[in-house]
Amino acid sequence: MTRLRNLVLVLGDQLNTDSSALRGFDPGRDLLWMAEVAAESTHVPSHKARTALFLAAMRHFRDDRRNAGWTVNYRELGEHEHPDLAAALSATLDDHSPERIIVTQPGEWRVLAMLRDTAKAADIPLEVREDKHFLVALITFSTWLKGRKAPRMEHFYRWQRAETGILMTDEGPEGGHWNFDSENRHRFDSQGPGMLPAPVSFEPDEITRGALDAVREHLPANPGQLDHFDWPVTREQALCALDDFITHRLAAFGPYQDAMWTGEPWLYHSRLSAALNLKLLDPREVIDASVSAYRDKQAPLASVEGFVRQVLGWREYVRGLYWNRMPEFAEANALGAEWDLPAFYWTGETDMRCLAESIGQTLEYGYAHHIQRLMITGLFSLLYGVRPEAIHQWYLGIYVDAVEWVELPNTVGMSQYADGGFLASKPYVASGRYIQRMSNYCEHCPFDPTKATGERACPFTTLYWDFLVRHKDRFGRHPRTALMWRNLERKPEGFADRVTTAAGHLREKIAAL
Ligand code: FAD
Ligand code: SF4
């Protein structure tokens, strides 16, 4: 019998048929390998919808490849006894003893290390191929990063615009500016957003229903709900979701990208992150579609540039930083934060309306938009002083789009400032007044965002001033943050002591908040 040539691994977030691992695949000599293992959903507790999304998309991919005549060795959850990926892979290596293992660069440092260890233990060479899904190769990013003390996203983004020619003219950036923030970042007036275009919804087919059942049966204790599951799980559905966003929501994306409103989880956001991260969509086609909408006068430049900035800028930038700074990145705790994650992050049961809304919809859908993540759940964690590792694990499990290369830099770097300012030039801190300005949450809340102390004091506002007091030495003279600390100095005598005491009481009664 001839020996198996290549065992080609496809991980749950590598579902593009043009992925580099699949190049040169010979159905006569190679075997495709995929596995569903419980440990990937329990090493951090994964939202049921997140796991169901991965399983449903993987099963569709498996069937697509089988229909193309490929042999796929696929282990479904519950069909095998292997507790984790390493055990499942070792068993296959024992059975087939391939000449080589091939994989596209995984999305998580832990998984890459595990694959290397497993291949080494079996004494079979492992070939890790570059992930061509991304526009910027890791080596290119490393070259750009080299020698930069403060590698800001803005510099990376402008460089990428120039390199790719996206939204560029011979004279410079399209419209004469690199960003149009002054036209964006509006709030809704007191009437709210009004009638919103409902995003396209994908009714689970038989394969997806099987994945939902598997999660119900094998992971009943995991957080989150499955009742509203309607995410795209195939390439065709992902393309339909892209078209739906471009046609119905992109035009208003820019102005309202920072706004929040009770009971409205999607607003004008694209909901494309999960499809992108599973590689059902290519970022180039997403960018092209939005730029075409601008050229066809379907969407204004401010919205299109704002959207391109997220995909070409932030998404590529955080990935580059992740691979350059792991594994130390995961251990960073520059502000010495040491509190546990409050229990309400897992239930949404708190009187603080902004948190109850943002966490409630997260548990319902596995989704919150960027400002809810950064300026509600992330902000509370930062001000309260949650251990970065604890909040990182929550974000890694709780969102359908969570894969560590994108989640960790956003959490540890951007949101928690745990990397000491490598990613973000300043900590994203604000009081409850920011939330009051950008949403209607405070209208339905027992707390008052203008009050830092007293019975109705808003916990965000108390903790904001407490944060300034606690970190005065670190940021008080920092050029980008000094203004906030000057405001602290202008407060009446005794204010700093009063907020310190109020913050202490708040920490004592956190379970009852
Ligand atoms: P839109 O608002 O429509 O944005 C368009 C696209 O731009 C997104 O689909 C996404 O691919 C990309 N994008 C936007 N912001 C970012 C960003 N900061 N970093 C990287 N890409 C971005 N995004 C994830 O994909 N996975 C995560 O696990 C994740 N964790 C996060 C954790 C924290 C603490 C924060 C503050 C942000 C996190 N983000 C993460 C970034 C962002 O919040 C999500 O990409 C976005 O909310 C997804 O919804 P959407 O597709 O409707 O995005
Ligand atoms: Fe959140 Fe404070 Fe507003 Fe309540 S008052 S919704 S806790 S910001």
Side-chain angles (χ1 to χ4, degrees), residues 13 50 107 153 199 241-242 245 249-250 253-254 256-258 260 262 265-278 281 283 286-287 290 303 306-319 321-322 350-358 366-382 388 391-392 394-416 423-424 428 430-451 456-464 513:
D13 62 341
R50 175 175 180 259
M153 196 295 284
L242 171 60
F245 167 66
R249 299 193 302 284
L250 172 62
F253 172 84
Y256 297 115
Q257 62 182 300
D258 287 6
M260 299 170 277
T262 303
W266 322 118
L267 296 170
Y268 294 98
H269 291 272
S270 70
R271 295 190 358 138
L272 294 176
S273 49
L276 273 164
N277 297 349
L278 266 55
L281 285 177
V286 171
I287 292 168
S290 65
S303 280
F307 182 74
V308 167
R309 168 181 294 265
Q310 309 305 324
V311 181
L312 176 66
W314 280 110
R315 189 168 183 271
E316 297 283 331
Y317 170 75
V318 296
R319 180 193 181 240
L321 282 192
Y322 175 81
T350 165
D351 288 342
M352 293 179 274
R353 281 320 308 160
C354 52
L355 280 162
E357 274 288 323
S358 304
Y367 179 90
H369 73 64
H370 186 67
I371 293 303
Q372 292 174 307
R373 298 188 206 194
L374 185 65
M375 299 308 287
I376 306 279
T377 44
L379 175 61
F380 189 85
S381 163
L382 172 63
I391 186 72
H392 148 59
W394 184 78
Y395 278 111
L396 183 56
I398 212 71
Y399 288 108
V400 289
D401 55 29
V403 184
E404 198 176 83
W405 64 263
V406 52
E407 177 277 327
L408 189 135
N410 269 297
T411 305
V412 172
M414 188 190 303
S415 159
Q416 302 300 297
L423 187 150
Y428 284 93
S431 73
R433 295 185 89 145
Y434 171 85
I435 296 168
Q436 181 185 36
R437 195 165 63 247
M438 297 311 295
S439 74
N440 68 339
Y441 296 146
C442 304
E443 287 170 25
H444 313 284
C445 186
F447 302 110
D448 180 344
T450 64
K451 291 196 163 49
R456 290 191 60 228
C458 162
F460 280 83
T461 304
T462 307
L463 292 170
Y464 166 74
L513 268 185

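Position 1 is the first residue of the sequence, and the numbers go up from there. Numbering of ligands and ligand atoms starts at 1, following listing order.
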Select one of side chain, backbone, both or neither to describe which atoms of Tyr367 lie under 4.0 Å from any atom of ligand 1, heavy atoms only.
-> side chain
Region of Leu276 engaging ligand 1 - heavy atom pairs below 4.0 Å = side chain
Counting both backbone and side chain atoms, is some N or O of His370 under 3.5 Å from an N or O of ligand 1?
-> yes
Just distances here: any N/O of Tyr395 and N/O of ligand 1 closer than 3.5 Å?
-> no
Identify the closest protein heavy atom to atom 2 (O) of ligand 1: which residue and atom is it, and at what distance?
-> His269 ND1, 2.7 Å
With under 30° as parallel and over 60° as perpendicular, where do the rings of Tyr399 and Trp394 fit, or are they tilted in between?
-> perpendicular
Can you name the ring pair (Phe, Tyr, Trp, His ring centres under 6.0 Å) partners of Phe380, sequence neighbours left out?
-> Phe344, Tyr384, Phe460
Polar proximity ligand 1 side, Met414 side, N/O cut 3.5 Å exclusive | no
Counting heavy atoms under 4.0 Å, the part of Gln257 that contacts ligand 1 is neither
Write out the residue and atom name of the closest protein heavy atom to atom 23 (N) of ligand 1, then the distance separating them to 0.1 Å.
-> Val406 CG2, 3.6 Å
Give a yes or no on whether the ring-centroid distance for Phe253 and Tyr268 is below 6.0 angstrom.
-> no
With distance as the sole criterion, is a donor-acceptor pair present between the side chains of Tyr395 and Gln416 under 3.5 Å?
-> no
Which option, Arg271, Gln310, Met153, owns the non-hydrogen atom nearest atom 13 (N) of ligand 1?
-> Gln310
Residues at least two apart in sequence or cross-chain that pass ring pair (Phe, Tyr, Trp, His ring centres under 6.0 Å) with Tyr317, listed by chain then number, are Phe156, Trp314
Report the nearest protein non-hydrogen atom to atom 45 (O) of ligand 1: residue, atom name, distance rounded to 0.1 Å.
-> Ser273 CB, 4.0 Å
Atom 53 (O) of ligand 1 - nearest protein heavy atom and its distance = Ser270 OG, 3.8 Å
For atom 33 (C) of ligand 1, what is the nearest protein heavy atom, given as residue, atom name and distance?
-> Asn410 CB, 3.7 Å
For atom 25 (O) of ligand 1, the protein heavy atom that lies nearest, with its residue and separation | Asn277 ND2, 2.8 Å
Identify, by atom number and element, the atoms of ligand 1 in contact range of Phe253, meaning under 4.0 Å from any of its heavy atoms.
-> 1 (P), 2 (O), 3 (O)
Can you tell which part of Ala274 has a heavy atom less than 4.0 Å from ligand 1: side chain, backbone, both or neither?
-> neither
Looking only at distance, does Ser415 have an N or O less than 3.5 Å from an N or O of ligand 1?
-> no
Side chain or backbone of Tyr399 under 4.0 Å from ligand 1, or both, or neither, by non-hydrogen atoms?
-> neither
Contacts of His392 meeting ring pair (Phe, Tyr, Trp, His ring centres under 6.0 Å) (sequence neighbours excluded), chain-then-number -> none
Quick one: does Ile371's side chain get under 4.5 Å of Met438's, heavy atoms only?
-> no
Residue and atom name of the nearest protein heavy atom (relative to atom 40 (C) of ligand 1), distance in Å to one decimal = Arg373 NH1, 3.5 Å
Nearest-contact summary for atom 5 (C) of ligand 1 - protein heavy atom, Å | Phe307 CE1, 3.4 Å
Beyond-backbone contact of Pro449 with Ile435, side-chain heavy atoms, under 4.5 angstrom = no
Within-2.8 Å protein N/O/S contacts of atom 3 (Fe) of ligand 2 = Cys442 SG
